[in-house]
**Student:** 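Just passing along the structure, written as structure tokens.
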Amino acid sequence: TAPMATQGQRIKPVAFERADLFRWAGRDLHDDLSDAYDALHAAPAPSTDDPAAYVYRTALNAQVASERVRKAVAMDPKVAFPNSGLGNQLKMVANMIRAELPTRVYYVAMGGFDTHANQSNAHDNLMKQFADAMKAFQDDLVATGHQKRVVTLAFSEFGRRVRENSSQGTDHGCAGPVFLFGDQVRAGLVGAHPSLTDLDQGDLKHAIDFRSVYASVLDRWMKMDSKAALGQAFEHADVLVTRG
């Protein structure tokens, strides 16, 4: 399922777990479907005023995109990626960037951070998976010469509370960190470390509105109108070296 963050008014995202699943599957079901599909692509393009033109263009564009994506993902990466869920996703993304697909935003996900019990070891392992996958991704971008074209933003859907619960874990909280990677990212900590004693009913108090991070990336990196995307204007967080 494509995440809400990738939905748009004019552009619909493509979501897949594996590149081999991003293809027309009718050929596997019945020859009649396969023959009709092939006939569609063999037919001359209808006029732009014909309702069939939309179907024709959609089918043809999907086929071309599928072939380009699967060809790109099949390439051998320049570096060794860890064999983890995130590592495999980022390996696909790195190959698609290397193939210079026109995609401007790639979205990957990593689960397991809802650590209500036995958090210490689980969180350490998760952060190592995250770090190893991101290190390989950045190294691959450097190896293929695309490091200056890519900014990666990593965020969590939820924070954690400060106090440990009775299961040696932590429960859902509010504030949390955001990580940015890339040559155009301003190095170091932006903002101040949150207080572990001055809390909001047990939760960390955020110092930076996350929408200001989005606004900076949208306006200064993507060259988009962040106000249109976020619903109002937000002050830019000082996270990028690049100035728009």
Side-chain angles (χ1 to χ4, degrees), residues 1 3 5-6 15-19 73 75-98 105-196 202-204 206-208 210 213-214 217 237 239-241:
T1 301
T6 62
F16 53 85
E17 293 182 12
R18 304 192 313 270
V73 170
M75 293 189 298
D76 291 329
K78 292 292 187 179
V79 304
F81 278 78
N83 187 24
S84 63
L86 183 62
N88 289 327
Q89 291 177 73
L90 288 175
K91 178 169 65 174
M92 287 195 297
V93 172
N95 277 350
M96 287 186 280
I97 292 172
R98 177 181 167 193
V105 176
Y106 292 95
Y107 190 109
V108 300
M110 177 181 177
F113 285 93
D114 201 4
T115 49
H116 291 278
N118 302 317
Q119 176 174 294
S120 180
N121 289 336
H123 192 265
D124 287 350
N125 290 332
L126 289 165
M127 290 305 294
K128 185 178 188 306
Q129 290 181 40
F130 173 65
D132 290 346
M134 279 307 310
K135 176 66 165 55
F137 181 65
Q138 288 298 130
D139 287 347
D140 192 272
L141 291 176
V142 172
T144 58
H146 292 288
Q147 71 272 20
K148 295 187 181 299
R149 299 180 57 223
V150 180
V151 167
T152 304
L153 187 153
F155 68 96
S156 175
E157 296 178 346
F158 45 76
R160 310 305 298 177
R161 295 177 71 83
V162 174
R163 183 179 295 277
E164 182 180 302
N165 62 26
S166 59
S167 302
Q168 296 183 321
T170 57
D171 298 322
H172 285 251
C174 292
V178 169
F179 298 98
L180 287 100
F181 307 85
D183 281 15
Q184 309 305 317
V185 174
R186 185 174 298 282
L189 176 69
V190 176
H193 282 287
S195 172
L196 298 181
D203 285 324
L204 297 172
H206 74 270
I208 297 176
F210 71 93
V213 179
Y214 289 179
V217 174
V239 294
L240 297 176
V241 175

**Student:** How long is the gap from CG on Leu86 to CG on Asp132, to the nearest 0.5 Å?
**Tutor:**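 Leu86 atom CG to Asp132 atom CG measures 10.0 Å (nearest 0.5 Å).
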**Student:** In the structure I gave you, are the side-chain heavy atoms of Val178 and Tyr214 within less than 4.5 Å of one another anywhere?
**Tutor:**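 SC-SC contact between Val178 and Tyr214 ruled out.
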**Student:** Over all heavy atoms of both residues, which pair between Val73 and Met96 is shortest? Give the atoms and the distance, please.
**Tutor:**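 For Val73 and Met96, the tightest heavy-atom pair comes out as CG2-CG, 4.1 Å.
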**Student:** Which distance, rounded to the nearest 0.5 Å, do you find between the CE of Met92 and the OH of Tyr106?
**Tutor:**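 The CE atom of Met92 sits 11.0 Å away from the OH atom of Tyr106.
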**Student:** Rounded to the nearest 0.5 Å, what separation is found between the OG1 atom of Thr115 and the CD atom of Gln168?
**Tutor:**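 If we round to the nearest 0.5 Å, Thr115:OG1 and Gln168:CD are 12.0 Å apart.
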**Student:** At their closest point, which heavy atom of Ala143 faces which heavy atom of Lys78, and how far apart are they?
**Tutor:**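 Heavy atoms only, the tightest pair is CB-CB, 3.6 Å.
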**Student:** Could you tell me if the side chain of Arg98 sits less than 4.5 Å from the side chain of Asn95, heavy atoms only?
**Tutor:**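 Asn95 reaches Arg98 side chain to side chain.
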**Student:** Take atom CD of Glu157 as the centre, draw a 6.0 Å sphere, and report whether it contains more than 12 heavy atoms from other residues, nucleotides or ligands.
**Tutor:**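 For Glu157, atom CD is not crowded (no more than 12 foreign heavy atoms under 6.0 Å).
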**Student:** State which residues pass ring-ring contact (aromatic ring centres under 6.0 Å, His included) with Phe81; sequence neighbours excluded, sorted by chain then number.
**Tutor:**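 With neighbours one apart ignored, the set is empty.
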**Student:** Can you tell me how far CD of Gln138 sits from CG of Leu90, rounded to the nearest 0.5 angstrom?
**Tutor:**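 Leu90 CG to Gln138 CD: 9.5 Å, rounded to 0.5 Å.
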**Student:** Any idea which heavy atoms bring Ala80 and Ala136 closest together, and the distance?
**Tutor:**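 Smallest heavy-atom distance, with atoms named: O-CB, 3.7 Å.
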**Student:** Minimum heavy-atom separation for Val79 and Asp140, please, with both atom names.
**Tutor:**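 Residues Val79 and Asp140, closest heavy atoms: N-OD2, 3.6 Å.
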**Student:** If you take all heavy atoms of Thr170 and Asn165, which pair is closest and at what distance?
**Tutor:**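 Nearest heavy atoms, Thr170 then Asn165: N-ND2, 3.7 Å.
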**Student:** With side chains defined as the heavy atoms from C-beta onward, is the minimum distance between Val217 and Leu180 less than 4.5 Å?
**Tutor:**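 They are in side-chain contact.
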**Student:** Report the distance from atom CZ of Arg186 to atom CG of Leu240, rounding to the nearest 0.5 Å.
**Tutor:**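 Separation between the atoms: 8.5 Å.
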**Student:** Grab the two heavy atoms, one from Ile208 and one from Ala237, that are nearest each other, plus how far apart they are.
**Tutor:**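 It is CG2-CB, 4.5 Å.
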**Student:** With sequence neighbours left out, which residue pairs that include part of residues 156-179 fulfil the ring-ring contact (aromatic ring centres under 6.0 Å, His included) condition?
**Tutor:**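 Found His116-His172, Phe130-Phe179, Phe158-His172.
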**Student:** Less than 4.5 Å apart, any side-chain heavy atom of Val150 and any of Phe137?
**Tutor:**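 Side chain of Val150 against side chain of Phe137, heavy atoms only: contact under 4.5 Å found.
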**Student:** When rounded to the nearest 0.5 angstrom, what is the spacing between CD in Gln119 and CG in Asp124?
**Tutor:**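 Those atoms lie 9.0 Å apart.
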**Student:** Between Asn83 and Asn88, does the side-chain contact (heavy atoms from CB on, under 4.5 Å) criterion hold? Intermediate values first, please.
**Tutor:** CA-CA 6 Å; Asn83 187 24; Asn88 289 327; 3.3 Å; yes
**Student:** Under the side-chain contact (heavy atoms from CB on, under 4.5 Å) rule, what do Met127 and Phe113 come out as? Steps first, then yes or no, please.
**Tutor:** CA-CA 9 Å; Met127 290 305 294; Phe113 285 93; 3.9 Å; yes
**Student:** Does Val151 reach the side chain of Asp183, with side-chain heavy atoms less than 4.5 Å apart?
**Tutor:**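 When only atoms from C-beta onward are counted, Asp183 and Val151 do not touch, as no gap falls below 4.5 Å.
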**Student:** Okay, side chain of Ser156, backbone of Gly159: is any donor-acceptor separation there less than 3.5 Å?
**Tutor:**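 Side chain of Ser156 to backbone of Gly159, a donor-acceptor pair under 3.5 Å: no, none is there.
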**Student:** I need the single residue from Asp203, Asp114, Asp171 that forms a side chain to side chain donor-acceptor pair (under 3.5 Å) with Arg160. Which is it?
**Tutor:**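 Result for side chain to side chain donor-acceptor pair (under 3.5 Å) with Arg160: Asp114.
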